[in-house]
Colleague: 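Quick one: the structure is below, and I'll ask about it shortly.
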Amino acid sequence: MFSLISTRHRTENLFYNTRVRASISMHWADVIAKDLAERSDHPLIATGISPTGIIHVGSLREAITGESIRSAVEGLGKDVRLIYLIDSFDPLRKRYDFLPEEYEKYVGMPICRIPCPCGKHENYAHHFVQPFLDAVDSLGVHCEIIWTHELYEQGKFAECIDQTFQKRQEIIEILHRISGKPADPNYAPYDPVCAKCGRYTKPLFDTYKFPYVEYQCSCGYHGKADVRKADGKLTWRLEWPAKWKIFGTAAEPFGKDHAAAGGSYDTGKVIAKEIYGIEPPFPIPYEFVQLKGVGQMHKSLGCSVTGLDAIRMTPPEVLNYLFLRVLPSRAIDYDSGLGILDMADEYDRMERAYFSHEYTDAEANSVRAYEIAQHNHVPKELPLQVSCRHLCNVVQMADTFDEQMKVLGRTVDLTDATDRDFKRIKRRCDCVTYWLKAFAPDKIKFSVSPTIPGGTKLMMNDKGFLQSLVSRMNDCVWEPEVISGIIAETGKISPIGLKNAYKVIYQLLIGKTAGPRLGTFLASMDKQFVINRFNQAAHSDM
RNA sequence: GGGCCUGUAGCUCAGCUAGGUAGAGCAUCUGACUUUUAAUCAGGUGGUCGGGGGUUCGAAUCCCUCCAGGCCCGCCA
């Protein structure tokens, strides 16, 4: 049976939680969901982000992990909520390289009170979190967005802040005991914001009398903060468990940094019990996402793969699947090279397996991962599948989506395609296009030249080959198999041989010596365009 | 220094909770087809399960130990 309850507070190994199996091939999200559902009828799952800077791929893993558990619990018939806390009241820690010089003066201020770097958003926090919220939305994460600075404005933290002043010595003792760091008698669990300069400062403890505490800011201002208002904030190690109390959090995914022994979960757990008097949430620590082959790809771009890059180049359903197919305890190497196509292919394969019910025991977990990746919105029947690999070729042959669909229509039957199918294909086209532009290796890139590429040199025999090719193509059915058959036969008979025949064709169309397989490639193009090109080359002087 | 995660086929990973003859996909090779290139189908090759001990009739699986990689212990997931 399930033993999660008895093991859930093992501090020595938080990752143990997700290794627990109820039976062979049960997905980790189901194991956790079942445990949550057994303990509560209205479980709340919390997750969040601190949008102090550019968002990375790992933040997406957190959101997807939370959503997958939410949907798994929902699948068990429970009324479950997923909240997404945006830490908009966090201070700007330093002026990052990507910020202009003048932002130096904002260091130490809450990010919801710092102007937007681009001027298009409400403030600094909005600027950095907005693209991420868009991503979360496109990933199908069903969460309620909550801004931490609003919680402070509403006085939600007041009770906890009061307790931290009452029990400050206990807190210092706990932090010392759990984290092993030397006790700091001046530790402040609460930092007021200076009403004059707008930066966080330290409180004068002995002036505290609910709801006010005084402070002497380094800017010279002496002021008074109201803990019922957004006049200051709890420090992270106290704020986190305070959020658990405010929302009654039942489970929360978080990065392994918080999971380290003596880290903020360890101290938070004890503070939750001994200071705030609540039970800590079920911890779901997850490993970090790394980037494969980081060194090389940076140089060409001058930057690394951010969460935005990941969402732009990976179709959302595939990205969901990528994070669900492995245990949270496993580090993921995000492969922004060819591996991205392999991953998309694997996703499609699991989709087929799900609908055909034909898969091995080893694949069962991945098929369930596919299902969970739909967040309880699994299609009724197998959608029209067009591989990203094929779309790579299509998007390089036409610029607009309408034209791309015309191209695609030459090799894929789109007559029964639904709106939903087109939406998915559109998303995939967008991702593939972005990927080609930013990360794809050169060998799969090409562009069909509007005229014969400059520098093309043809011998007499090459032209002879093209002439016989054209005469065969003129009245043939324009289909992949027919085309490749003609090329093979004509090339073999020709003095230049089949190998060179391929080279000549690629050269004339894309100016390279290799390219996509010719059958589908040529079939994707207009027949007359191809024939004209070959004809023109056969009769030219080059 | 303390702690966590990981190490299974060339690559990405299942399998370990409750020990019972090593599994998938991709890649590669070969063949459907008189079409070798980045689309499709079938089949094959491929691993002393990081090393070494121990428990056991039997260990990828449990225990001990060592090695390697990654990461955390300052509010970057």
Side-chain angles (χ1 to χ4, degrees), chain A residues 2-3 7 11-16 19-26 31 47-50 52-63 65 87 90-91 93 96 179-181 235-237 239-240 253-264 266 285-290 292 307 322 325-333 335 338-339 341-343 345-346 349-350 359-366 387 389-390 392-393 411-412 441 443-446 480-493 498-499 501-503 506 513-521 523-524:
Chain A
F2 291 81
S3 53
T7 61
T11 55
E12 65 274 20
N13 184 354
L14 290 179
F15 279 92
Y16 183 79
R19 289 200 62 88
V20 174
R21 288 293 193 286
S23 67
I24 292 163
S25 87
M26 187 161 179
V31 177
T47 176
I49 190 171
S50 180
T52 45
I54 290 169
I55 282 145
H56 44 69
V57 210
S59 315
L60 297 172
R61 182 176 204 172
E62 175 157 329
T65 302
D87 290 334
D90 283 7
R93 216 145 289 290
Y96 300 98
S179 77
K181 280 179 291 189
T235 53
W236 167 246
R237 286 192 187 241
E239 186 183 85
W240 197 19
F254 49 87
K256 66 183 283 184
D257 52 339
H258 296 313
S264 50
D266 268 6
Y286 58 89
E287 257 285 0
F288 287 177
V289 181
Q290 289 151 340
K292 199 170 184 175
L322 169 69
R325 66 195 276 274
V326 293
L327 291 169
S329 60
R330 199 170 267 279
I332 292 176
D333 276 338
D335 185 350
L338 285 172
L341 295 180
D342 291 336
M343 190 51 57
D345 282 349
E346 182 177 315
R349 199 163 53 77
M350 290 311 145
Y359 48 86
T360 63
D361 289 346
E363 290 168 323
N365 200 60
S366 295
S387 74
R389 213 174 283 278
H390 186 39
C392 268
N393 296 334
T411 48
V412 175
K443 75 167 199 168
I444 72 156
K445 293 185 201 174
F446 68 86
E481 309 79 49
V482 180
I483 295 169
S484 59
I486 291 174
I487 293 170
E489 287 168 28
T490 316
K492 279 195 169 179
I493 304 167
L498 186 54
K499 199 162 187 166
Y502 281 115
K503 285 189 182 170
Y506 286 124
T513 55
R517 295 192 79 136
L518 284 176
T520 33
F521 185 46
S524 300

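All chains are named by letter (A, B, ...) in the order of the sequence lines, taking the proteins before the strands, and each is independently numbered beginning at 1.
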Colleague: What contact category does I444(A) fall into here, base, sugar-phosphate, or nothing, at under 4.0 angstrom with non-hydrogen atoms?
Modeller: base
Colleague: Out of rU12(B), rG25(B), rA77(B), which nucleotide sits closest to the side chain of H258(A)?
Modeller: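 Looking only at heavy atoms from C-beta outward on H258(A), the closest nucleotide is rA77(B).
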Colleague: What does G515(A) touch in the nucleic acid at a heavy-atom separation under 4.0 angstrom: a base, only the sugar-phosphate, or nothing?
Modeller: base
Colleague: Using the side-chain heavy atoms of S329(A), tell me which of these nucleotides is nearest: rC5(B), rA77(B), rU35(B).
Modeller: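 My answer, after comparing the listed nucleotides, is rC5(B).
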Colleague: If we count only N and O atoms by modelled type, under 3.5 Å, do the side chains of D90(A) and T52(A) hold a donor and an acceptor together?
Modeller: no
Colleague: Using the C1' atoms only, state how far rC49(B) lies from rC41(B), rounded to an integer number of Å.
Modeller: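 Per the computed distance, 32 Å lies between those C1' atoms.
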Colleague: Of all the choices, rC72(B), rU36(B), rA24(B), which nucleotide is nearest to the side chain of F288(A) once you look at every atom?
Modeller: rC72(B)
Colleague: What is the distance, rounded to the nearest whole Å, between atom CG of L518(A) and atom P of rA38(B)?
Modeller: 11 Å
Colleague: Closer than 4.0 Å, any side-chain N/O of T52(A) to the OP1 or OP2 of rC75(B)?
Modeller: no
Colleague: Is a salt bridge present between R330(A) and E287(A), judged by a nitrogen-to-oxygen distance below 4.0 Å?
Modeller: no
Colleague: Heavy-atom distance under 4.5 Å between the side chains of T65(A) and R61(A), does that happen here?
Modeller: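 Heavy-atom side-chain distance check passes, below 4.5 Å.
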Colleague: Give the rounded distance in Å between these two atoms: OH of Y96(A) and P of rC76(B).
Modeller: 8 Å
Colleague: Please give the distance between the P atoms of rC72(B) and rC26(B) as a whole number of Å.
Modeller: 35 Å
Colleague: Using whole Å, report how far CZ of R325(A) lies from P of rC26(B).
Modeller: 13 Å
Colleague: Does E346(A) come within less than 4.0 Å of R325(A), counting only side-chain N to carboxylate O?
Modeller: yes
Colleague: What contact category does D257(A) fall into here, base, sugar-phosphate, or nothing, at under 4.0 angstrom with non-hydrogen atoms?
Modeller: sugar-phosphate
Colleague: Between rA38(B), rU12(B), rC73(B), which nucleotide gets closest to the side-chain atoms of R237(A)?
Modeller: rC73(B)
Colleague: Counting only side-chain heavy atoms from C-beta out, which of rA38(B), rC71(B), rG74(B) sits nearest to K256(A)?
Modeller: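 Nearest to the side-chain atoms of K256(A), counting from C-beta on, is rC71(B).
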Colleague: Between E62(A) and T47(A), do the side chains contain an N or O donor and an N or O acceptor separated by less than 3.5 Å?
Modeller: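 Note: E62(A) and T47(A) side chains meet the donor-acceptor criterion.
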Colleague: Report the nucleotide, chosen from rA77(B), rC75(B), rU12(B), that has the shortest atom-to-atom distance to any side-chain atom of S59(A).
Modeller: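 Nucleotide nearest to S59(A)'s side chain: rA77(B).
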Colleague: Does rG1(B) have a Watson-Crick or wobble mate here (both distances under 3.5 Å), and if so which one?
Modeller: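 Base-paired to rC73(B).
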Colleague: Measure from CE on M350(A) to C1' on rA24(B) and round the result to the nearest Å.
Modeller: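 The answer, rounded to whole Å, is 8 Å.
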Colleague: So which nucleotide does rC41(B) pair with, by the Watson-Crick or G-U wobble rule with both distances under 3.5 Å?
Modeller: rG31(B)
Colleague: Determine the Euclidean distance between corresponding C1' atoms of rU12(B) and rA27(B); express it in Å to zero decimal places.
Modeller: 11 Å
Colleague: In the structure shown, which nucleotide is the Watson-Crick or G-U wobble counterpart of rA24(B), with both distances under 3.5 Å?
Modeller: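 Answer to the pairing question: rU12(B), which forms a Watson-Crick or G-U pair with rA24(B).
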Colleague: Contact class for R349(A) (heavy atom, under 4.0 Å): base, sugar-phosphate, or nothing?
Modeller: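 Sugar-phosphate contact only - R349(A) comes under 4.0 Å of backbone atoms but never of a base.
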Colleague: Judged by each residue's nearest nucleotide on RNA chain B, which is more toward the 5′ side, E489(A) or D90(A)?
Modeller: E489(A)
Colleague: Side chain of S50(A) only, heavy atoms from C-beta on: which candidate in rC26(B), rG25(B), rA77(B) is closest?
Modeller: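 In terms of side-chain proximity for S50(A), the closest of rC26(B), rG25(B), rA77(B) is rA77(B).
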Colleague: Touch check for L60(A), heavy atoms < 4.0 angstrom, all strands: base, sugar-phosphate only, or nothing?
Modeller: nothing
Colleague: Please measure how far the P atom in rG46(B) lies from the corresponding atom in rA14(B), and state the result in whole Å.
Modeller: 24 Å
Colleague: Does R389(A) pair with D342(A) as a salt bridge, N-O distance under 4.0 Å?
Modeller: yes
Colleague: Just the rounded figure in Å: distance from C1' of rU28(B) to CG of D342(A).
Modeller: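 Whole-Å distance recorded here is 14 Å.
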Colleague: Round to the nearest Å and state the distance from L322(A) atom CG to rU12(B) atom C1'.
Modeller: 11 Å
Colleague: In whole angstrom, what separates N393(A)'s CG from rA38(B)'s P?
Modeller: 11 Å
Colleague: Suppose you measure atom P in rA68(B) against the same atom in rG31(B); what distance do you get, rounded to whole Å?
Modeller: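 Rounded to whole Å, the distance is 46 Å.
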Colleague: How would you label the contact of S484(A) with the nucleic acid (heavy atoms, under 4.0 Å): base, sugar-phosphate, or nothing?
Modeller: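 If one applies the 4.0 Å heavy-atom cut-off, S484(A) turns out to touch a base.
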Colleague: Using purine N1 to pyrimidine N3 plus N6-O4 or O6-N4 for Watson-Crick, or N1-O2 and O6-N3 for G-U wobble, both under 3.5 Å, which nucleotide pairs with rA68(B)?
Modeller: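 The base-pairing partner of rA68(B), which may sit in any strand shown, is rU6(B).
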Colleague: Take atom P in rG20(B) and the same atom in rU61(B), then report the distance between them in whole Å.
Modeller: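 Each nucleotide's P atom is 11 Å from the other's.
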Colleague: Considering only the P atoms, how many Å lie between rU56(B) and rG44(B), rounded to the nearest integer?
Modeller: 40 Å
Colleague: Provide, to the nearest angstrom, the distance between the CZ atom belonging to F254(A) and the C1' atom belonging to rC73(B).
Modeller: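 To the nearest whole Å, that distance equals 14 Å.
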Colleague: Between V326(A) and G48(A), which residue's closest nucleotide on RNA chain B lies nearer the 5′ terminus?
Modeller: V326(A)
Colleague: Are R330(A) and rG70(B) close enough that a side-chain N or O sits under 4.0 Å from OP1 or OP2?
Modeller: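 For rG70(B), OP1/OP2 do not have a side-chain N/O of R330(A) under 4.0 Å.
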Colleague: Side chains of L327(A) and Y286(A): does their closest heavy-atom pair fall under 4.5 Å?
Modeller: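 No; the side chains remain at least 4.5 Å from each other.
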Colleague: Run the side chain to side chain contact (heavy atoms under 4.5 Å, CB included) test on N393(A) and T520(A) for me, step by step, so that the C-alpha distance in whole Å, both residues' side-chain angles and the decisive distance to 0.1 Å come before the verdict.
Modeller: CA-CA 10 Å; N393(A) 296 334; T520(A) 33; 5.8 Å; no
Colleague: For T235(A), answer base if it contacts any base atom (sugar-phosphate contacts may also be present), sugar-phosphate if it contacts only those atoms, and nothing otherwise; contact means non-hydrogen atoms under 4.0 Å.
Modeller: base
Colleague: Could you check whether F521(A) gets within reach of a base, just the sugar-phosphate, or nothing at all, counting any heavy atom under 4.0 Å?
Modeller: nothing
Colleague: Between rG2(B) and rU48(B), how many Å separate the two C1' atoms, rounded to a whole number?
Modeller: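 Looking at atom C1' only, rG2(B) and rU48(B) are 35 Å apart.
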Colleague: Using a 4.0 Å heavy-atom cut-off across all strands, classify E346(A) as base, sugar-phosphate, or nothing.
Modeller: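 If one applies the 4.0 Å heavy-atom cut-off, E346(A) turns out to touch nothing in the nucleic acid.
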